2 protein chains.
Amino acid sequence: MKDVAERAGVSESAVSFALNGRPGVSESTRERVRSVAEELGWRPSTAARALSGEGAATVGLVLARPARTLGVEPFFLQLVSGVQQVLAERRLGLLFQVVEDVAAECAMYEHWWAEHRVDGVLLVDPRAEDPRPDVLASLGLPGVVVGGTESRQGLSSVWIDDAGAMASVAEYLHALGHQRITHVAGLPELAHTQRRMASLRSEAERLDLPHVRSLTTDYSDAEGAAVTRRLLDEPDPPTAVVYDNDVLAAAGVAAAAERRLPVPARLSIVSWEDSVLCRMVHPWLTALARDPLALGRVAAEELTRLLDGAPARTAGVPVPRLVVRESTAHPPGG
Amino acid sequence: MKDVAERAGVSESAVSFALNGRPGVSESTRERVRSVAEELGWRPSTAARALSGEGAATVGLVLARPARTLGVEPFFLQLVSGVQQVLAERRLGLLFQVVEDVAAECAMYEHWWAEHRVDGVLLVDPRAEDPRPDVLASLGLPGVVVGGTESRQGLSSVWIDDAGAMASVAEYLHALGHQRITHVAGLPELAHTQRRMASLRSEAERLDLPHVRSLTTDYSDAEGAAVTRRLLDEPDPPTAVVYDNDVLAAAGVAAAAERRLPVPARLSIVSWEDSVLCRMVHPWLTALARDPLALGRVAAEELTRLLDGAPARTAGVPVPRLVVRESTAHPPGG
DNA sequence: TCACCGGTTGACATCGATGTCAGCCGCGGC
DNA sequence: GCCGCGGCTGACATCGATGTCAACCGGTGA
């Protein structure tokens, strides 16, 4: 900074004023200082800035998953990519951490906040009984819950209409004539799993479909295949299965193929997540398409709003759209 | 820190001495200070530490990929997970950034370094003509090239034996009786793509196989399928195809299925990357299994060595192992 | 002639740690 | 009785920015 001041022929104070857009310098000086800083490749030290109360210019994101179940879904990296499109404009960095479980995630927040490493965090995979919002609230650490429903305790939320999406899937399958529908869900403790299950139950009631149910899994291809095999061995197997993500759905297709059960002639399949995976299996999967990039962008925008001192609120992203491909049809004899 | 000093009944200097393992305090005081700090949940502000010459306690990782081709492979998140297992021990954070291209990646390094945001970086996807090592060297920013071959310009490397792995695949297919082998490779500018292609060429010469070649793609399922279709339409199609990653291989299987070409009876398929994808397609894919977690761990260890002042060097990870499943067999009539 | 103005300076405090250094206290040995 | 030493204190500088404040300079209007 001293160098910049010297080269521009002004004082250090003037440099600070000029570069932070504060009054006290003329437009011409401001411009000169700016160009000198540019030329010298000078950037303020984040450490020094953070120390003088500007915050760490960093937001945190923790992913709590055991390493082995990590990363088949394109979803996550796309989300991060969207987040960064927004953060980049503000010169905010993203501190990223993979941990084993939620307890470690909470510890991470405490450490980050105690060390002043982050100004705020994005919380993903909200759960039904979730200790994390309480932790953030008690710390006073600003946060946005990605996929949360309401904004409480000073946390913002980005709301995803799982219930509406599930209703649209149920209606679509019902319209095709399906009566026996099974929902192969993900982890039961995740909030969106419970929302989807509840929505399906109420839709089944509304449409008068008694043979509708949800089964939970750990999202792994292994459980997806195992559950599907069990379903197909039943005396009255379902005619349509809705899988909670692309991996489960692809595993389901593979299981059906093992049994030489034609999809969609004998079994319709819907994937709750559209990705290349859905176009890599045969037949191509009918899927709920959402836009993880947009979700990431909205989440990051909400977080920057919070950091700017705005009150917590709930933002929404568009309802997932059902993309009909080859894996759904009328039920046999329907 | 003041609070800790007060609660422990000692001076601030004593606290600093105690917690940084420096002489000047008795073991009993050291222990008392430690426990008070623990109790108060005190952690040193990284900003203040960084400012007084300790470094940012953060390493950087930039992923240069257009958002749409992002994240089908489990590889990347597993790598990150391995990296963090090592970084966590040292209380080092990971600053993660997704950018569009290598130019943006270089700019990122310059910014990070100018802002003192990172102490070192992990460089992934090394290229044949790669500007990035030069940038790091000119900045003096410590770095580890993940998948690099030699350590030059003060950068360490983690070496992956692509050539050896490719040779083992070629030998395996040759032993099965295959003569016409095609390698559907990834991006031509990546260093490992070139290494694999070169290795295949020399193996083909050694084994006297004239009908062997490599074709490059962008790693997308679309190109994987398109290339495979083109291959199968040739008058003398290959009897074995080696795909440079799991996505390409799965797309290849799908393309073969479209043509009703039985795998492996008429076409053998090998995937260069083992993942759940390889067990989600039918038939299950023979694949080269490497261990991204271990790769991440070794890379992070090399980086911490560099940060500790050790000279740059090249470390190695085990050669990928060929896991034989259902997608490879003798060629028709072989 | 003087007060006022915007633009600018230079000196100083602040953030929270590390590093250094003189000096203090009490205990043991010569 | 004095020296030396381990253990500890307290004051100060340092890192690189931000924030504040009194003062100064040249030009304008009253």
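Letters A, B, ... mirror the listed sequences (proteins, then strands); counts begin at 1. Atoms considered below: every heavy atom in the structure, side chains included; atoms not considered: hydrogens, waters and symmetry mates. Keep in mind it's a predicted model, so treat the numbers as computed, not measured.
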Practice item. Answer with yes or no whether A:Ser26 presents, from its side chain, a donor or acceptor under 3.5 Å of a partner atom in the base of C:dG7. Key: no
Revision key, fill the gap. When A:Ser11 and B:Glu54 are each assigned the nearest nucleotide of DNA chain C, the 5'-most assignment goes to A:Ser11
Study note, to complete from the structure: On DNA chain D, more 5' by nearest nucleotide between B:Gly9 and A:Met1 is B:Gly9
Check your understanding: So which heavy atom on A:Pro133 is nearest to which on A:Arg152, and how close?
Key -> CG-NH2, 3.7 Å
Point to revise | A:Glu115 backbone acceptor or donor facing B:Thr46 side chain under 3.5 Å | key: yes
Exercise for review: First locate atom CZ of B:Arg49, then atom CZ of B:Arg43, and finally report the distance between them rounded to the nearest 0.5 Å.
Suggested key: 9.5 Å
**Study point:** Intermediate values then yes/no, salt bridge (Lys or Arg N to Asp or Glu O under 4.0 Å), A:Asp119 and A:Arg90
**Key:** CA-CA 13 Å; A:Asp119 301 327; A:Arg90 303 287 225 91; over 6 Å; no
**Study point:** Smallest separation among heavy atoms of B:Glu189 and B:Gln194, with atom names
**Key:** CA-NE2, 4.5 Å
Revision key, fill the gap. Exactly one candidate in A:Leu141, A:Val62, A:Thr58, A:Val59 meets side chain to side chain contact (heavy atoms under 4.5 Å, CB included) with A:Trp112; the answer is A:Val62
Review point. For A:Val98, does its backbone N or O pair with a side-chain atom of B:Gln84 as donor and acceptor, under 3.5 Å?
Key: yes
Review point. Can you check the A:Phe17 CZ to C:dG10 C1' distance for me, whole Å?
Key: 11 Å
Practice item. Using heavy atoms and a sub-4.0 Å distance, could you list which residues of residues 108-121 of chain B are near DNA chain C? By number, please. Key: none
Exercise for review: Tell me which residues in residues 32-47 of chain B put a heavy atom below 4.0 Å from DNA chain D, sorted by number, or none.
Suggested key: none
Exercise for review: Starting from P on C:dG7, measure out to CD on A:Glu27 and report it in whole angstrom.
Suggested key: 10 Å
Review point. Which part of the nucleic acid, if any, lies within contact of B:Ser16, taking any heavy atom under 4.0 Å across all strands shown: a base, the sugar-phosphate backbone alone, or nothing?
Key: sugar-phosphate
Practice item. Mind checking B:Gly24 for me? I need base, sugar-phosphate or nothing, with any heavy atom below 4.0 Å counting as a touch. Key: base
Point to revise | A:Arg30 side chain to A:Ala18 backbone, donor-acceptor under 3.5 Å | key: yes
Practice item. Using atom types as modelled and distance alone, determine if a side-chain donor or acceptor of A:Thr314 lies under 3.5 Å from a backbone N or O of A:Glu150. Key: no
Review point. Shortest non-hydrogen contact from A:Arg7 to A:Glu39?
Key: NH2-OE2, 2.7 Å
Point to revise | A:Arg49 vs B:Thr29, nearer the 5' end of DNA chain D by closest nucleotide | key: B:Thr29
Study note, to complete from the structure: Note: chain B reaches DNA chain D at heavy-atom distances under 4.0 Å over the stretch, first to last nt, 5' to 3', of D:dG7 to D:dG16
Check your understanding: Closest approach of A:Leu51 and B:Ala47, non-hydrogen atoms and distance?
Key -> N-CB, 4.1 Å
